[in-house]
Amino acid sequence: MTHYTTTACILLAATAAAAALFIRRAAIYRRRSHRAGTAPQPQPRPDTAQDDGYRRRYVLNRWDGAFRSGKTVRIRPEHYERLRQITSRSGAVSMIAYVDNVLHAHFEDYAESIDRYCRSRNPSRGRKQWTR
């Protein structure tokens with residue numbers, strides 16, 4: 001065997017040993033989480049009518065205005081990853097437009113509660129209208 005072949009064999013063996021160790025640890029973790037009841041449960045698939053309503057409200061609803069403010073908003077990495085998955089799979093909406101649609105729907109659905117909360121925090125201000 002040449003020097004390069006020997007080095008390659010040693011590296012391959014080390015990689016295989018490390019992989020075996022990580023696979024074993026993952027299997028132990030999975031068994032423990034399953035026994036403890038913390039394993040992720042499969043989510044029931046929503047019916048088609050709900051699915052279509054969701055798509056119309058959040059994915060296909062486009063706003064023609066421009067996003068000019070250039071404001072930065074920090075979100076959790078897991079939320080960002082979920083947003084990336086949703087928007088990359090749909091192909092019909094950008095992440096910015098999707099977040100805008102979700103926020104707009106939230107403000108519409110909870111307008112009275114938000115107004116009550118804001119008035120209780122600062123009663124001197126009148127009602128602020130949420131418009132697009």
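Note that this is a predicted model, so its numbers are computed, not measured.
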Please report the shortest heavy-atom distance between V93 and Y98, naming the atom on each side.
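Smallest heavy-atom distance, with atoms named: CG2-N, 3.6 Å.
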
Nearest 0.5 Å, what's the [atom1]-[atom2] distance between [X] and [Y]?
X	Y	atom1	atom2	value
N101	H104	CG	NE2	8.5 Å
L12	T5	CG	OG1	12.0 Å
M95	D100	CE	CG	14.0 Å
T6	L11	OG1	CG	11.0 Å

Using salt bridge (Lys or Arg N to Asp or Glu O under 4.0 Å) as the criterion, list what pairs up with R116, not counting sequence neighbours.
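Partners of R116 under the salt bridge (Lys or Arg N to Asp or Glu O under 4.0 Å) test: none.
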
Sequence neighbours excluded, which residues qualify as salt bridge (Lys or Arg N to Asp or Glu O under 4.0 Å) partners of E78?
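Scan of E78 (salt bridge (Lys or Arg N to Asp or Glu O under 4.0 Å), adjacent residues dropped) gives none.
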
Apply side-chain contact (heavy atoms from CB on, under 4.5 Å) to the pair L83 and I75, showing each step before the final yes or no.
CA-CA 10 Å; L83 288 169; I75 59 173; 3.7 Å; yes

Can you name the residues that form a ring pair (Phe, Tyr, Trp, His ring centres under 6.0 Å) with Y80, not counting sequence neighbours?
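Residues passing ring pair (Phe, Tyr, Trp, His ring centres under 6.0 Å) with Y80: none at all.
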
Using the rule that two of Ile, Leu, Val, Met, Phe, Trp, Tyr join whenever any of their side-chain heavy atoms come within less than 4.5 Å, decide whether V99 and V102 are in one cluster.
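They do share one cluster, since a chain of ILVMFWY contacts under 4.5 Å joins V99 to V102.
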
